[in-house]
J.: 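The structure's right below; bear with me while I get my questions together.
Just the heavy atoms: all of them, side chains too, but no hydrogens, waters or symmetry mates, feed the values below. Each ligand, and each atom within it, is numbered from 1 in the order the structure gives.
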Amino acid sequence: MSTLLIKNGLVISENSQVMQDILIKDELFVELAPHIDPPENSKIINARGKWVFPGVIDPHTHMGIPIKKGHSADTFASGSRSALHGGVTTILDFSVLNAGQTLQESLGDRIELAGESLCDVGIHINITRFEPEILAEIPELIARGFSSFKVFTTYAEADMMLTYDQIEIVAGIIAQYNGVLMVHAEDNQVLSQALEPYMDRRESHPRFHGLSRPAEAELVAIDQLGEISNRTKCTIYIVHLNTAAGLAKAAEYPLLKVETCPHYLLLSDKMYERDDGQMFVASPPLRKQEDCEALWLGLQNGQVHTIGSDHCPFCLADKPRGLPFQDIPNGMGGVETLFPALLAQFVERGLHLELLVRLTSGNAARIFALDHLKGSIKPGQHADLLIVDPALAIKNWPSQLDTMLDWNAYTDFPARFPEMVIRRGEIVVHNDALTAPSPGMIIKAK
Ligand SMILES: [Zn+2]
């Protein structure tokens, strides 16, 4: 049995900051108290003057997924390695439903791939086909502990879209079994109309990506989804919300939960004007500075519940300048900078660190029914935590954070990386180095 005692750290939870000792036995937290005497044979970590946060849960990653041409550049192995550097001890990724597959089969494939993850992994189930056999699988999957499902209101051309009527039926089933429906919320009709003028033009400037996916698409979709949540009583989680108007609309519906991403908080559509502007092409696109500011307000007034990275990175060679904007691979990385960049912003903006904990661990654990395992530093939970030295805010850090990626969107931002990360009782990062951790595990909802 291994025993770890963390002494005198300032433990930051969702509601308090208190100097406490933390006792870990094997994989679990066992005691939290102002003073704990070291048990025999325990390893002691002195955290005096340091911040101790719960391990970060990134509710939205896409490791190694197929896209139009190729794959997103991080595998579960490489992406989870860099995630740990940034304090992310749990990632929630998505299954990919291939032609002819059942949901169970798509989940099985994803679980196999996730076997090389060093983070613990939860899996959301993508429902990209509306068929009776597929719908019939939902109750069984929820019973197995896979209770979050994702649908798309667009991507009709990739055969991934469900209509609002179909989404309402799916939501009704999920609500009956206390699951969560996640939705990519951009209205397909609005997008089709906005894309129309560009169909016969070869535009390669990345700004056209933004112009072809207007903010109105989010507003229209969220309006529909809010009504569906009211009628079906289904909790609907809006992934990567990115507009001021969408946020205000979502706040009208009590059963909508809202996720945003670091890129929508920190980066505006001005990025498309840079020489490497194509690297910032992701869907939905970057918005106006006013939208960024509205999202920051939304974090503070409780209208935003989680922050996910939507980690789906590409290397420079994958996104060459000059492609027609419709052909630029969509997606950006950010699992490793999710917490360090946000923490630096919270400090600069004078925001409560307790709020950051709610947004980066507590809320995600509750929404996805993982709070019997994850999300806070308390006895009985998985011993996932990170230790940050408040004196260390760094700038101009290298873009390659132990990954195979050669580009990072956030290197101009200050970041506060953890000096130590512990995942299920194991020290996995110490002084910027990965310490050969054992593999992560698949986690299930309660
Ligand atoms: Zn995504």
J.: Would you call Asp74 and Arg81 a salt bridge, using N to O less than 4.0 angstrom?
T.: no
J.: Using the side-chain contact (heavy atoms from CB on, under 4.5 Å) criterion, which residues pair with Leu351? Sequence neighbours excluded.
T.: Trp296, Gln300, Phe346, Arg349
J.: Excluding waters, which protein N, O or S atoms are within less than 2.8 Å of the Zn ion (ligand 1)?
T.: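 Per the 2.8 Å query on the Zn ion (ligand 1), atoms found are His60 NE2, His62 NE2, Asp310 OD1.
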J.: Looking at residues at least two apart in the chain, or sitting in another chain, which of them share a side-chain contact (heavy atoms from CB on, under 4.5 Å) with Pro340?
T.: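 Pro340 satisfies side-chain contact (heavy atoms from CB on, under 4.5 Å) with Ala415, Phe417, Pro418 once adjacent residues are dropped.
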J.: Within the 4.5 Å heavy-atom criterion, are Leu191 and Ser212 side-chain neighbours or not?
T.: no
J.: Can you list everything that forms a salt bridge (charged side-chain N to carboxylate O under 4.0 Å, His left out) with Arg110? Sequence neighbours excluded, please.
T.: Asp93
J.: Just checking, is any N or O donor in the side chain of Asp58 or His311 under 3.5 Å from an acceptor N or O on the other one?
T.: no
